[in-house]
Amino acid sequence: WSENPNLRILGWFRSKCVRTEWANYTPETQSYDSALYHAAMPYLSFTTTGDTLQDWPGTAFFDFTRPEARDAMLDVFAAYQASSPAKLDGVYWDYFNFELWISDDVTMEGEPDLDGDGDPHFTDTDEREAFRAAQVDWIEEMRARMGHDFIQVANGARALSDSTFAGLLDGMNYEIFPNVGFYGAPPYRMALDPSTPNNLWASRNWLRTQNGGPWQILENVWIPRMTDQNGVYRSINLGDMNRAIALLTGSTVIHYDLTGEHH
């Protein structure tokens with residue numbers, strides 16, 4: 001810290017699910033993860049057939065559209081923030097989208113139904129509106145608990161195209177940049193094209209700047225291969241490309257090692 005006083009540390013905060021493995025902790029091994037798990041249990045969401053809703057393998061989805069569910073999770077977060085000797089400077093929300101996203105690797109029966117009215121999420125207009133409204137509530141309630149100088153960065157597609165929503169945040173993450181957030185044309189071209197409404201120069205101006213931002217984070221760990229101008233088939237480290245784009249646009253990149261993985 002003395003060598004880098006500008007260092008900021010964010011905690012990864014799940015906006016809508018807990019890991020099922022967190023249930024394995026006993027009272028003797030109580031932890032932050034297990035406390036979050038037990039706080040979420042009264043508010044689980046289910047499918048149209050009564051199966052536990054998941055959006056990712058090994059998770060249980062809780063209905064964060066309910067204020068009492070958000071309060072229970074924030075109670076845990078605030079308690080650990082208050083008691084920990086190492087305070088977080090903010091949170092990285094995972095994730096905020098316009099509607100629910102379900103991984104192809106999830107195995108469950110029925111269709112997602114957060115509000116339990118029998119109408120599946122993807123055809124339930126009211127449920128999807130509540131889904132989006134609760135994301136705003138999450139951000140505002142975290143700020144009410146932690147203060148205006150507490151950094152909030154969002155993962156997910158919503159902030160990348162919704163300027164009003166992004167304006168609530170200090171930063172946003174472009175996952176597998178530029179594949180998330182840019183659709184309909186070559187995504188790198190769209191990201192750097194000033195005529196694209198959410199191009200990187202435009203979107204960085206949507207974010208809050210009070211806390212050292214805007215934190216516009218470019219991330220992509222894939223290493224594609226191509227035939228170069230000399231006919232040589234070689235790999236491309238997208239981390240190198242993203243660093244160049246960050247220099248052009250004033251963005252930030254996640255740290256990459258030589259394999260393209262980030263840590």
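Since we're looking at a predicted model, the values are computed, not measured.
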Next on the checklist: Quick check: is Met241 connected to Val232 through a chain of hydrophobic side chains (ILVMFWY, heavy atoms under 4.5 Å apart)?
Outcome noted: no
Checklist entry - Can we say Arg234 and Asp228 salt-bridge, meaning some charged N sits less than 4.0 Å from an Asp/Glu carboxylate O? => result yes
Next on the checklist: Under 4.0 Å between a side-chain nitrogen and a carboxylate oxygen: does that hold for Lys16 and Asp55?
Outcome noted: yes
Checklist entry - Roughly how far, to the nearest 0.5 Å, is CG of Asn97 from CZ of Arg128? => result 13.0 Å
Item to check | Minimum-distance pair of heavy atoms, taken over all atoms of Gly250 and Arg204 | outcome: O-NH2, 2.9 Å
Checklist outcome for this item: Value for CD (Glu99) from CD (Glu129), rounded to nearest 0.5 Å, stands at 12.5 Å
Checklist entry - Do you know the tightest heavy-atom contact between Trp93 and Ser15? => result CE3-CB, 3.9 Å
Checklist entry - Would you say Arg189 has more than 12 foreign heavy atoms packed within less than 6.0 Å of its CZ? => result no
Item to check | Option among Thr48, Ile102, Thr123 that satisfies the side chain to side chain contact (heavy atoms under 4.5 Å, CB included) test with Glu111 | outcome: Thr48
Checklist entry - If only atom types and distance count, is the side chain of Tyr37 paired as donor or acceptor with the main-chain N or O of Ala60 below 3.5 Å? => result no
Checklist entry - Could Arg158 and Phe165 be counted as a cation-pi pair, given that NZ or CZ must be under 6.0 Å from the ring centre and within 45° of the axis? => result yes
Next on the checklist: Show, in sequence, the C-alpha distance, side-chain angles and deciding distance for Phe46 and Phe61, and conclude whether the ring-ring contact (aromatic ring centres under 6.0 Å, His included) test is met.
Outcome noted: CA-CA 8 Å; Phe46 301 95; Phe61 197 104; over 10 Å; no
Checklist entry - Strictly under 6.0 Å, is that where the ring centroids of Phe182 and Tyr188 end up? => result no
Checklist entry - Roughly how far apart are Asp126 CG and Leu114 CG, rounded to 0.5 Å? => result 13.0 Å
Checklist entry - OG1/Thr209 to CH2/Trp215 distance, rounded to the nearest 0.5 angstrom? => result 11.0 Å
Next on the checklist: Set out, in order, the CA-CA distance, both residues' side-chain angles and the distance that settles side-chain contact (heavy atoms from CB on, under 4.5 Å) for Leu218 and Thr252, then state yes or no.
Outcome noted: CA-CA 6 Å; Leu218 312 180; Thr252 302; over 6 Å; no
Item to check | Heavy-atom side-chain proximity of Ile217 to Ile254 below 4.5 angstrom | outcome: yes
Next on the checklist: Rounded to the nearest 0.5 Å, what separates atom CZ in Arg70 from atom CZ in Arg145?
Outcome noted: 11.0 Å
Next on the checklist: Between Met142 and Ile139, is there a side-chain heavy-atom distance shorter than 4.5 Å?
Outcome noted: no
Checklist entry - Can you check whether Arg225's main-chain N or O pairs, donor with acceptor, with Ser235's side chain at less than 3.5 Å? => result no
Checklist entry - Is the side chain of Ser103 donor-acceptor paired with the backbone N or O of Asp105 at a distance under 3.5 Å, no angle test? => result yes
Item to check | Any side-chain heavy-atom pair of Gln210 and Asp149 under 4.5 Å | outcome: no
Exercise answer: donor-acceptor pairs, residues 166-180 side-chain atoms, under 3.5 Å, sequence neighbours excluded:
{"unit_1": "Asp170", "atom_1": "OD1", "unit_2": "Arg208", "atom_2": "NH1", "d": "2.8"}
{"unit_1": "Asp170", "atom_1": "OD1", "unit_2": "Asn211", "atom_2": "ND2", "d": "3.1"}
{"unit_1": "Asp170", "atom_1": "OD2", "unit_2": "Gln152", "atom_2": "N", "d": "2.8"}
{"unit_1": "Asp170", "atom_1": "OD2", "unit_2": "Arg208", "atom_2": "NH1", "d": "3.4"}
{"unit_1": "Asn173", "atom_1": "ND2", "unit_2": "Tyr92", "atom_2": "OH", "d": "3.1"}
{"unit_1": "Asn173", "atom_1": "ND2", "unit_2": "Asn155", "atom_2": "OD1", "d": "3.1"}
{"unit_1": "Asn173", "atom_1": "ND2", "unit_2": "Glu219", "atom_2": "OE1", "d": "3.1"}
{"unit_1": "Tyr174", "atom_1": "OH", "unit_2": "Ser203", "atom_2": "OG", "d": "2.8"}
{"unit_1": "Tyr174", "atom_1": "OH", "unit_2": "Gln216", "atom_2": "NE2", "d": "3.3"}
{"unit_1": "Glu175", "atom_1": "OE1", "unit_2": "Asn155", "atom_2": "ND2", "d": "3.2"}

Checklist entry - Heavy atoms, side chains only, cut-off 4.5 Å: are Thr20 and Thr59 in contact? => result no
Checklist entry - Would you say the side-chain atoms of Asp193 pair up with the backbone N or O of Asn199, donor to acceptor, closer than 3.5 Å? => result no
Item to check | Over 12 foreign heavy atoms within 6.0 Å of CH2, Trp56 | outcome: no
Checklist entry - Got more than 12 heavy atoms from elsewhere within 6.0 Å of CG, Asn230? => result yes
Checklist entry - Is it true that the side chains of Asp51 and Thr49 contain a donor and an acceptor less than 3.5 Å apart? => result no
Checklist entry - Run the side-chain contact (heavy atoms from CB on, under 4.5 Å) check on Met190 and Tyr183 step by step: do they pass? => result CA-CA 8 Å; Met190 293 183 72; Tyr183 309 100; 5.7 Å; no
Next on the checklist: So does Gly90 get a backbone contact from the side chain of Arg8, meaning a donor-acceptor N/O pair under 3.5 Å?
Outcome noted: no
Item to check | Over 12 non-hydrogen atoms of neighbours within 6.0 angstrom of CD in Glu109 | outcome: no
Checklist entry - Shared ILVMFWY cluster between Trp12 and Ile151, side chains joined below 4.5 angstrom? => result yes
Checklist entry - Mind checking whether Trp138 and Phe64 have parallel, tilted or perpendicular rings, split at 30° and 60°? => result parallel
Item to check | Salt-bridge present (Asp137, Arg132; N to O < 4.0 Å) | outcome: no
Next on the checklist: Under 4.5 Å between side-chain heavy atoms, counting indirect links through other Ile/Leu/Val/Met/Phe/Trp/Tyr residues: same cluster for Trp222 and Tyr233 or not?
Outcome noted: no
Checklist entry - Does a donor on one side chain and an acceptor on the other come within less than 3.5 Å for Thr65 and Asp63? => result yes
Item to check | Residue pair Phe77, Met146: steps toward the side-chain contact (heavy atoms from CB on, under 4.5 Å) verdict | outcome: CA-CA 10 Å; Phe77 181 87; Met146 297 292 108; 3.8 Å; yes
Item to check | side-chain contact (heavy atoms from CB on, under 4.5 Å) between His38 and Val76, intermediate numbers included | outcome: CA-CA 10 Å; His38 292 293; Val76 174; over 6 Å; no
Next on the checklist: Can you confirm whether Ile223 sits close enough to Ile236 that some side-chain heavy atom of one is under 4.5 Å from a side-chain heavy atom of the other?
Outcome noted: no
Next on the checklist: When you group the ILVMFWY residues by side-chain heavy-atom contacts below 4.5 Å and let the links chain together, are Phe98 and Leu100 in the same group?
Outcome noted: no
Next on the checklist: Quick check: do Asp240 and Leu238 have side-chain heavy atoms less than 4.5 Å from each other?
Outcome noted: no
Item to check | Nearest atoms (heavy-atom pairs only) where Lys87 meets Ala82 | outcome: NZ-O, 2.8 Å
Checklist entry - What's the spacing between Phe122 CZ and Glu127 CD if we round to 0.5 Å? => result 9.0 Å
Checklist entry - Taking all atoms of both residues into account, what is the closest heavy-atom pair of Phe96 and Ala154, and its distance? => result CD1-CB, 3.8 Å
Item to check | Check against side chain to side chain donor-acceptor pair (under 3.5 Å), Ser31 and Asp33 | outcome: CA-CA 5 Å; Ser31 71; Asp33 290 342; 5.1 Å; no
Checklist entry - Should Leu247 and Leu192 be counted in the same cluster of Ile, Leu, Val, Met, Phe, Trp and Tyr side chains packed under 4.5 Å apart? => result no
Next on the checklist: For a quick test of reading the model, state the closest non-hydrogen atom pair linking Arg19 to Pro57 and the distance between them.
Outcome noted: NH1-O, 3.0 Å
Checklist entry - With a 4.5 Å limit on heavy-atom distance, are the side chains of His121 and Phe131 in contact? => result yes
Next on the checklist: To check you understand the geometry: which heavy-atom pair defines the closest contact between Asp117 and Asp115, and what is its length?
Outcome noted: OD1-OD1, 2.8 Å
